[in-house]
Amino acid sequence: MSDNLDLTEMTIDEIYDLMREDLYYGEADEIVKEVNYLLEQGQSPQEILNRGLLAGMDEVGVDFRDGILFVPEVLMAARAMKAGMEVLRPLLTQKDGSRAGTFVIGTVKGDIHDIGKNLVGMMMEGAGFEVIDLGINVPAETFVEAVREHKPDILGMSALLTTTMPYMRTVIQALEDARLRKDVIVFVGGAPVNDAFAEEIHADAYCRDAAVAVETAKKFMRHRARG
Ligand code: B1M
């Protein structure tokens, strides 16, 4: 889209507009250029994420829902989003030195959406957590095994589909069956998840977004330290 456009001649607002358009059309190389340029212009990673990448993906989500975009186009947009996130990764994962705890995360079985999960992982790493990412389509046994092996402070699960969200309950039940549930704090997140569902399945917290996941994790860790 922006092949012939000179970013230096554009305002910051125009670049954000362009970025959302490039994300929509899956122009990964352009997204990388724009993210780098906006960083050079002093825009914060959080602002670039919110005004550019996440806002662009929201537009994709709407047109996907309405049947205007189809899976191949959405995959291209996801690839562009990931390319932009990779530029931001070193900034988002920069630690302040202190070790906050261990965090295991994965997208539940049946679900292959990983952009939100990756973002949560990056921001938790930036907040000082050691992050173990189990990937996508993760069965309950793998979550249980990871809790047994890594003894994380917190387990995070992501689900983007109303059809995969109930699997979070299966994982929590599997932790109960393995007598590990009391050893680990369980967070759940993803677009269809909410507080009521988290409560219903006996998760410890629902996190609306990556920033909330970090805040909630810090709160639980402070609480844990106080005993
Ligand atoms: Co899919 N998809 N998709 N998709 N896809 C949705 C989720 C959908 C809402 C689109 C729509 O109709 N509007 C819809 C679900 C409808 C529903 O269930 N009610 C949908 C569908 C239907 C499908 C398929 C079934 C389509 C099909 O094949 N017919 C299929 C299912 C595949 C599967 O998983 N089995 C499918 C496939 C795909 C792609 C592969 C093409 C691609 C994923 C690529 C990838 O992830 N690598 C894709 C995409 C990109 C989307 C949308 C457009 C964008 C998702 C995204 O990455 N958002 C999405 C529309 C939408 O969500 N509005 C859609 C950006 C990301 C940063 O946000 O993941 O919400 P999100 O994460 C947020 C928070 O939710 C939270 O923090 C993040 C922000 O900071 N969070 C957590 C997430 N996980 C957390 C975990 C935590 C805490 C917070 O743990 C502690």
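Remember, it's 1-based here, ligands and their atoms both numbered in the order they're listed.
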Within the 4.0 Å heavy-atom shell around [X], which atoms of ligand 1 are there?
{"X": "L75", "result": "40 (C), 41 (C)"}
{"X": "C207", "result": "88 (C), 89 (C)"}
{"X": "K82", "result": "47 (N)"}
{"X": "V120", "result": "77 (O), 82 (C), 85 (C), 88 (C), 89 (C)"}
{"X": "L119", "result": "80 (O)"}
{"X": "L160", "result": "7 (C), 15 (C), 62 (O), 69 (O), 70 (O)"}
{"X": "G189", "result": "82 (C), 84 (N), 85 (C), 86 (C), 87 (C), 88 (C), 89 (C)"}
{"X": "L54", "result": "67 (C)"}

Are any of the N/O atoms on [X], whether in the backbone or the side chain, positioned under 3.5 angstrom from an N/O atom of ligand 1?
{"X": "I112", "answer": "yes"}
{"X": "G61", "answer": "yes"}
{"X": "F64", "answer": "no"}
{"X": "T163", "answer": "no"}

Looking only at heavy atoms of [X], does any of them come nearer than 4.0 Å to an atom of ligand 1?
{"X": "M123", "answer": "no"}
{"X": "R208", "answer": "yes"}
{"X": "G190", "answer": "yes"}

R99 atom CZ, neighbour heavy-atom count above 12 within 6.0 Å: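 Result for CZ/R99: enclosed.
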Heavy atoms of the protein only: does one fall short of 4.0 Å from [atom]?
{"atom": "atom 91 (C) of ligand 1", "result": "yes"}
{"atom": "atom 86 (C) of ligand 1", "result": "yes"}
{"atom": "atom 61 (C) of ligand 1", "result": "no"}
{"atom": "atom 43 (C) of ligand 1", "result": "yes"}
{"atom": "atom 9 (C) of ligand 1", "result": "no"}
{"atom": "atom 37 (C) of ligand 1", "result": "yes"}

Any idea which protein heavy atom is nearest [atom], and the distance to it?
{"atom": "atom 29 (N) of ligand 1", "answer": "V71 CG2, 4.4 Å"}
{"atom": "atom 50 (C) of ligand 1", "answer": "V74 CG1, 3.5 Å"}
{"atom": "atom 5 (N) of ligand 1", "answer": "H113 NE2, 3.1 Å"}
{"atom": "atom 35 (N) of ligand 1", "answer": "G110 O, 2.9 Å"}
{"atom": "atom 15 (C) of ligand 1", "answer": "L161 CD2, 3.5 Å"}

Looking at every non-hydrogen atom in both residues, tell me the closest pair between [X] and [Y] and how far apart they are.
{"X": "L69", "Y": "F64", "value": "O-CD1, 3.4 Å"}
{"X": "G190", "Y": "L160", "value": "CA-CD2, 4.2 Å"}
{"X": "V212", "Y": "C207", "value": "CG1-CA, 4.0 Å"}
{"X": "I15", "Y": "Y37", "value": "CD1-CE2, 3.4 Å"}
{"X": "M123", "Y": "V214", "value": "O-CG2, 3.5 Å"}

Tell me whether M124 shares a hydrophobic cluster with L91, the cluster being built from Ile, Leu, Val, Met, Phe, Trp, Tyr side chains joined at under 4.5 Å.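 They do share one cluster, since a chain of ILVMFWY contacts under 4.5 Å joins M124 to L91.
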Is it the case that one hydrophobic cluster holds both V120 and M168, taking links as side-chain heavy atoms less than 4.5 Å apart, direct or via other members?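 V120 does not cluster with M168.
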Calculate, to the nearest 0.5 Å, the distance between atoms CG and CE belonging to L49 and M85 respectively.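 Output value for this atom pair is 7.0 Å.
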Distance, nearest 0.5 Å, that separates CZ of F143 from OG1 of T170: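 If I round to the nearest 0.5 Å, the distance is 11.0 Å.
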Looking at side-chain heavy atoms only, is the closest gap between M157 and I172 below 4.5 Å?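 They are in side-chain contact.
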Any side-chain heavy atom of K218 sitting closer than 4.5 Å to one from R222?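 Result yes, sub-4.5 Å side-chain heavy-atom pair found.
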Passing candidate, side-chain hydrogen bond (donor to acceptor under 3.5 Å, both in side chains) with T164, options D111, N137, T107: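 It is D111; the other options fail the test.
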So, are R20 and D58 salt-bridged, with charged N and O less than 4.0 Å apart?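 Salt bridge absent between R20 and D58.
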Tell me whether K117 is salt-bridged to D133, with the criterion being a basic N under 4.0 Å from an acidic carboxylate O.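 The answer is yes: the pair qualifies as a salt bridge.
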Within reach of ligand 1, part of A78 (heavy-atom separation under 4.0 Å):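 The answer is the side chain.
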